[in-house]
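Here's the structure we're looking at; comments come further down.
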Amino acid sequence: MRVMEKFELRMLSTRQAMKYGVWFGLFLVLKFVLEIMVQGNAGIFLSGFLTVMVPFVAYWLTLRFKFMTNDEGVGFGTLYRFCIYLFFFASMFLAVSEFVYYQYINPDYIAEQLETLFAFLEKYNDSASATTVTNLKAQLDEVGVPSASAVAVQTLWIYIFLGLILGLPIAAIAKNKR
């Protein structure tokens, strides 16, 4: 059996990152939907659990890619690139879902969440930080509530950055896995 050429391996890793990115994106969309739907302590626990599961799901998908190639020249760089692409494609899927939700399904959600945050900060903070909350409210009134597209793009960048950071240990661990 011949060893894959670099170009062929690069194309395969991109294709597989797209394929697995859809599944990873569905996981992230499910996480987003459950965070919105489940309230209270159960929602906090579920959100925390699914957030902790993100690197484990990415690791599992990276291992599936590595074992699919039969370890033919798959090094750290290829696995790291795969992780970055995996997070990129999954975050695109999530960003589109969030945009649809914030723009069409529940347009007041972002404003409601900011109001809830300010109410929480005012209730549980001391008088010294009350000026900070007042300043934040003034800035929000000046700038306005972020748009659905701004929040979706922010999500995209957050998950790409997360892929850059988490991709290092995931690729290192997956490279040494036999």
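Values in this document were obtained by computation on a predicted structure and should not be read as measured data.
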| said: Please determine whether the number of non-hydrogen atoms from other residues, nucleotides or ligands lying under 6.0 Å from atom CG of Asn135 exceeds 12. | reply: yes
| Just how far is it from atom CG of Leu166 to atom CG of Leu86, taken to the nearest 0.5 Å? | 11.0 Å
| field | Single-linkage hydrophobic cluster, 4.5 Å side-chain cutoff, Ile160 and Ile170 together | value | no
| request: Apply side-chain contact (heavy atoms from CB on, under 4.5 Å) to Leu94 and Glu98, showing your working. | output: CA-CA 6 Å; Leu94 176 64; Glu98 284 186 355; 4.0 Å; yes
| query | Quick one: does Leu46's side chain get under 4.5 Å of Glu35's, heavy atoms only? | reply | no
| field | By ring-ring contact (aromatic ring centres under 6.0 Å, His included) - contacts of Tyr109 (at least two apart) | value | Tyr101, Tyr102
| field | Non-hydrogen side-chain atoms of Leu12 and Met68 separated by less than 4.5 Å | value | yes
| So which heavy atom on Pro146 is nearest to which on Leu114, and how close? | CD-CD1, 4.0 Å
| request: Kindly indicate whether the side chain of Thr62, heavy atoms from C-beta on, has any atom under 4.5 Å from the side chain of Lys66. | output: no
| field | Step-by-step side-chain contact (heavy atoms from CB on, under 4.5 Å) determination, Phe118 to Leu140 | value | CA-CA 11 Å; Phe118 288 139; Leu140 184 64; 3.5 Å; yes
| From CG (Leu79) to CG (Leu168), nearest 0.5 Å | 12.0 Å
| task | With the side chain counted from C-beta on, respond yes when Tyr59 and Lys177 share a heavy-atom pair under 4.5 Å apart, and no when they do not. | result | yes
| Linking I/L/V/M/F/W/Y whenever any side-chain heavy atoms sit under 4.5 Å apart, do Tyr20 and Leu164 land together? | no
| Minimum heavy-atom distance Thr78-Ser13, with the two atoms named | CG2-CB, 4.2 Å
| task | Find out whether Lys175 and Val74 are in side-chain contact, i.e. whether some heavy atom of one side chain is under 4.5 Å from a heavy atom of the other. | result | no
| query | Should Arg10 and Glu5 count as side-chain neighbours, where that means a heavy-atom distance under 4.5 Å? | reply | no
| Looking only at heavy atoms, which two atoms of Ser47 and Thr51 are closest? And how far apart? | O-OG1, 2.7 Å
| query | Would a 4.5 Å heavy-atom cut-off, applied to side chains only, mark Tyr85 and Met18 as touching? | reply | no
| message | If I compare all heavy atoms of Gly163 with all of Tyr80, which pair ends up nearest, and what's the gap? | response | O-CE1, 4.4 Å
| field | Side chains of Leu28 and Ser91 in contact at under 4.5 Å (non-hydrogen atoms) | value | no
| query | Applying the 4.5 Å side-chain criterion to the ILVMFWY set and letting contacts propagate, would Leu61 and Ile173 be lumped into a single cluster? | reply | yes
| query | Under 6.0 Å from the CZ atom of Phe76, do we count more than 12 heavy atoms belonging to anything else shown? | reply | yes
| said: Can you give me the closest heavy-atom contact between Ser97 and Val29, atom names plus distance? | reply: OG-CG2, 3.3 Å
| Residue of the set Phe87, Phe89, Tyr159 for which ring-ring contact (aromatic ring centres under 6.0 Å, His included) holds with Phe24 | Phe87
| said: Hydrophobic clusters here meaning ILVMFWY residues chained together by side-chain heavy-atom distances under 4.5 Å, can you tell me if Ile36 and Val38 are in one? | reply: yes
| field | Straight-line distance of Phe45 CZ to Leu50 CG, nearest 0.5 Å | value | 9.0 Å
| request: Could you pull out the closest heavy-atom pair between Gly167 and Cys83, with the gap in Å? | output: CA-CB, 3.8 Å
| field | Same cluster (ILVMFWY, side-chain, under 4.5 Å), Val151 and Trp157 | value | no
| request: Could you tell me whether Phe27 atom CZ has more than 12 heavy atoms of other residues or ligands within 6.0 Å of it? | output: yes
